[in-house]
Amino acid sequence: MLKSGLLFLLLSFSGCAALLFRDIVQQSTTRNYDYTKYHNMSEISAWMEQIVKENPGVVTSQTYGKTFEGRDITLLKISVANPDGKEKKAVWMDCGIHAREWIAPAFCQWFVREVLQTYRTDEKMKEMVQNLDFYVTPVLNIDGYVYTWINETTRLWRKSRSPPPANCTCYGVDLNRNFNANWGTVGVSTDCCSNTYCGESPASEKEAQAVTEFVKNRTKEIICFLTIHSYGQQVLLPYGHPQIMAPNHAELLEAGTGAAKAMTAVHKQEYEAGTPPEILYEFSGSSKDWARLAGIPFSYTFELRDKNEFGFLLPEDQIQPACQEAYAGARHIITYAHDKFFTDSNNAGAVSASITLWVTALTSYLITYVLE
Amino acid sequence: MNWFCFVWTVLFSMVWQCPAAPSTPSPTAPGSTAQDEVECPSNCVLLIYSNRSTSEAQDPLVMTSTELNPDHYEAQRAAHAVRYYLNTLYGTPFRQLSFSKVHQARTEDLGEAGMKYLLEISVKDSLNKSSEKLCSAEVVYPRGETQQPPKVQISCAASLQLNTSAEEEDFYKRYSAADSAVSGKDIPDSYGHVDPEMVPFWKLAGVASTFIMLNESNENTLYNLAQVAKITQLESQNGQLRLEYVVLLHDMISQVIIIACITTSDD
């Protein structure tokens with residue numbers, strides 16, 4: 001009796017030990033990933049690999065360019081098959097185009113998790129992922145982001161890390177002034193030492209080229225382009241140039257205002273919507289302007305928390321509420337864009353319902369009167 | 001002497017673009033990190049402010065008045081100038097003033113004398129979060145090629161005056177002791193963290209910065225305190241608490257980070 005008891009104990013102990021050993025050897029799953037902490041680039045890359053591994057058939061990754069320093073620029077694609085084999089549209093999201101805005105990459109990771117956790121259970125999300133693919137780039141300006149992690153003196157870097165042009169001495173281009181959208185006209189500096197230096201030519205920066213190439217080949221597919229920044233608590237619609245207005249300005253404003261309201265409602269933090277020349281400052285060469293000019297109807301810049309207390313140095317205990325707000329705003333715009341393009345399915349539903357009704361009525365009439 | 005008077009003596013407030021500013025690292029070593037610590041006031045060009053008063057309007061003016069959208073940037077920037085002004089008057093390590101909303105705004109072009117902004121704003125007091133004061137404020141930005149600070153007036157100024165709190169007195173007593181040697185750097189740190197003990201010093205840096213931010217304000221700027229790079233307690237003179245700060249100020253419009261050196265002492 002004692003012997004079998006001891007044997008049992010030994011077996012279960014070694015069983016437990018084996019399980020423990022397996023867990024240590026195995027990479028940690030994303031279930032343990034802390035979305036309420038800031039992560040450096042190698043942690044984010046590892047997380048991306050895990051997300052792909054854990055969601056086979058739904059998440060793939062794609063490298064679509066290189067940074068100046070030669071790093072791969074990679075996005076996660078979330079794609080669920082459309083049950084009727086219908087053509088799908090897509091949503092683009094990028095974070096971290098400005099290196100010091102750490103809450104932005106944190107939000108892209110949060111967003112991916114949210115979609116993956118809700119697409120099977122939330123009715124609206126379920127419908128939307130059948131019609132929309134999601135392209136999410138957690139960190140676009142990887143060189144800049146890596147630079148901000150070196151030490152405290154580099155934390156407030158904003159630009160890319162390309163070398164200075166001739167006759168100038170400073171590194172980096174403001175990627176959000178470098179896109180080919182009224183490039184170099186307003187709100188930019190031609191001094192390479194400036195934090196709003198727009199570069200030597202439109203899309204001179206490899207990071208801007210990568211986005212341009214990927215998106216311009218998909219302008220019929222992508223209906224929503226969201227680029228995430230901090231700080232300021234604003235939803236910015238095209239254009240940054242004061243003298244031009246998007247052809248669909250009214251609906252951009254409607255969706256944007258709705259998003260700002262949804263964001264404000266989460267934790268009573270004020271968010272506002274408008275064009276940059278109205279509520280911020282005029283500037284050209286932004287990615288959201290380029291996307292709108294390329295034909296993508298719903299194009300926005302999100303400025304996340306806060307207003308001015310911590311600024312770029314948003315505490316980690318605010319990551320969760322900031323991401324909840326941003327998610328509410330992103331979801332509002334994605335839903336708006338989705339419903340605009342996929343009302344056919346609603347109409348088809350209504351048509352088939354009314355056909356059913358008529359057939360039933362006719363049949364019962366025939367049965368009642370013909371068979372009498 | 002304690003915090004009562006809150007007449008901030010901002011000595012040596014110097015603003016400069018150092019060659020070693022965080023936004024412009026040296027390009028000679030591509031992988032190199034940014035600069036060494038900034039020493040006050042050593043190797044940087046000093047800008048000293050003149051207290052030139054704006055000239056009085058002599059001729060009868062054609063005063064054009066324009067209504068502004070209170071949520072748009074023009075009114076908002078002027079409201080921030082009011083925020084800086086209020087904190088130069090009443091800000092303490094334990095009390096900061098800001099605004100929640102601009103209700104109405106318009107401008108009056110005063111010609112040579114500058115551009116006047118008239119605002120109705122709700123002033124928020126960090127000491128009393130539930131109630132806000134509706135105030136009328138005026139901001140006059142002078143015209144000219146060199147930077148001059150705006151002149152600010154606000155109707156509810158008197159009603160914002162408060163006595164020194166026990167908290168402030170304790171703070172002063174504790175840190176003006178002869179052996180006190182407060183120091184710190186990078187507040188908040190990269191992760192946004194501020195040591196609880198350093199919070200009043202951080203808030204004090206914000207208040208002291210409003211002197212500089214007001215001085216540097218014009219219609220094309222919007223300043224916030226980005227970070228306290230360094231804080232050092234200086235030797236107490238006559239029982240005063242004296243602190244030397246290196247602060248990083250962020251201008252939202254140009255996206256520049258300026259380094260400023262501030263020495264504070266109560267008076």
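Throughout, a chain's letter reflects where its sequence line sits, starting with A, and its residues are numbered from 1.
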* To do: Apply the side chain to side chain donor-acceptor pair (under 3.5 Å) test between A:Asn178 and each candidate in A:Ser204, A:Ser160, A:Ser162; give the one that qualifies.
  => A:Ser204
* Asked: For chain B, which residues of residues 257-266 of chain A have at least one non-hydrogen atom nearer than 4.5 Å to it?
  -> none
* To do: Any chance you could lay out the side-chain hydrogen bond (donor to acceptor under 3.5 Å, both in side chains) test for A:Asn195 and B:Ser254, step after step, and finish with the verdict?
  => CA-CA 7 Å; A:Asn195 260 347; B:Ser254 65; over 6 Å; no
* Any side-chain donor paired with an acceptor under 3.5 Å for A:Thr185 and A:Asn182? -> no
* Hey, which residues of residues 310-320 of chain A are touching chain B, say heavy atoms under 4.5 Å apart? -> A:Phe310, A:Phe312, A:Leu313, A:Leu314, A:Pro315, A:Glu316
* Per-residue contact mode, B:Asp189 against chain A (heavy atom under 4.5 angstrom) -> both
* Structure fact -> Applying ring-ring contact (aromatic ring centres under 6.0 Å, His included) to A:Tyr33 and not counting sequence neighbours gives A:Tyr35, A:His39, A:Trp47
* Asked: Counting heavy-atom pairs under 4.5 Å to chain B, which of A:Leu280, A:Asp174, A:Thr196 comes out on top?
  -> A:Leu280
* Asked: Is chain B contacted by the side chain of A:Tyr231, its backbone, both, or neither, given a heavy-atom distance below 4.5 Å?
  -> both
* To do: For ring-ring contact (aromatic ring centres under 6.0 Å, His included), just list the numbers for A:Tyr197 and A:Tyr171, CA-CA rounded to whole Å, side-chain angles, deciding distance to a tenth of an Å, and then say yes or no.
  => CA-CA 10 Å; A:Tyr197 174 53; A:Tyr171 270 69; over 10 Å; no
* **Residue pair B:Ser190 / A:Glu152, side-chain donor-acceptor N/O under 3.5 Å** => yes
* Asked: Which of parallel (below 30°), tilted (30 to 60°) and perpendicular (above 60°) describes A:Phe302 and A:Tyr300?
  -> perpendicular
* Asked: So does B:Glu108 pair up with B:Arg106, basic N to acidic O under 4.0 Å?
  -> yes
* In sequence, state the C-alpha distance, the side-chain angles, and the governing distance for B:Arg77 and B:His80, and then conclude on side-chain hydrogen bond (donor to acceptor under 3.5 Å, both in side chains). => CA-CA 5 Å; B:Arg77 288 179 202 174; B:His80 280 283; over 6 Å; no
* With B:His72 via ring-ring contact (aromatic ring centres under 6.0 Å, His included) - residues at least two apart -> none
* **Selection from B:Ala229, B:Pro188, B:Ala75 maximising heavy-atom pairs under 4.5 Å formed with chain A** => B:Pro188
* To do: Take the SG atom of A:Cys193, take the SG atom of A:Cys170, and say whether they are under 2.5 Å apart.
  => yes
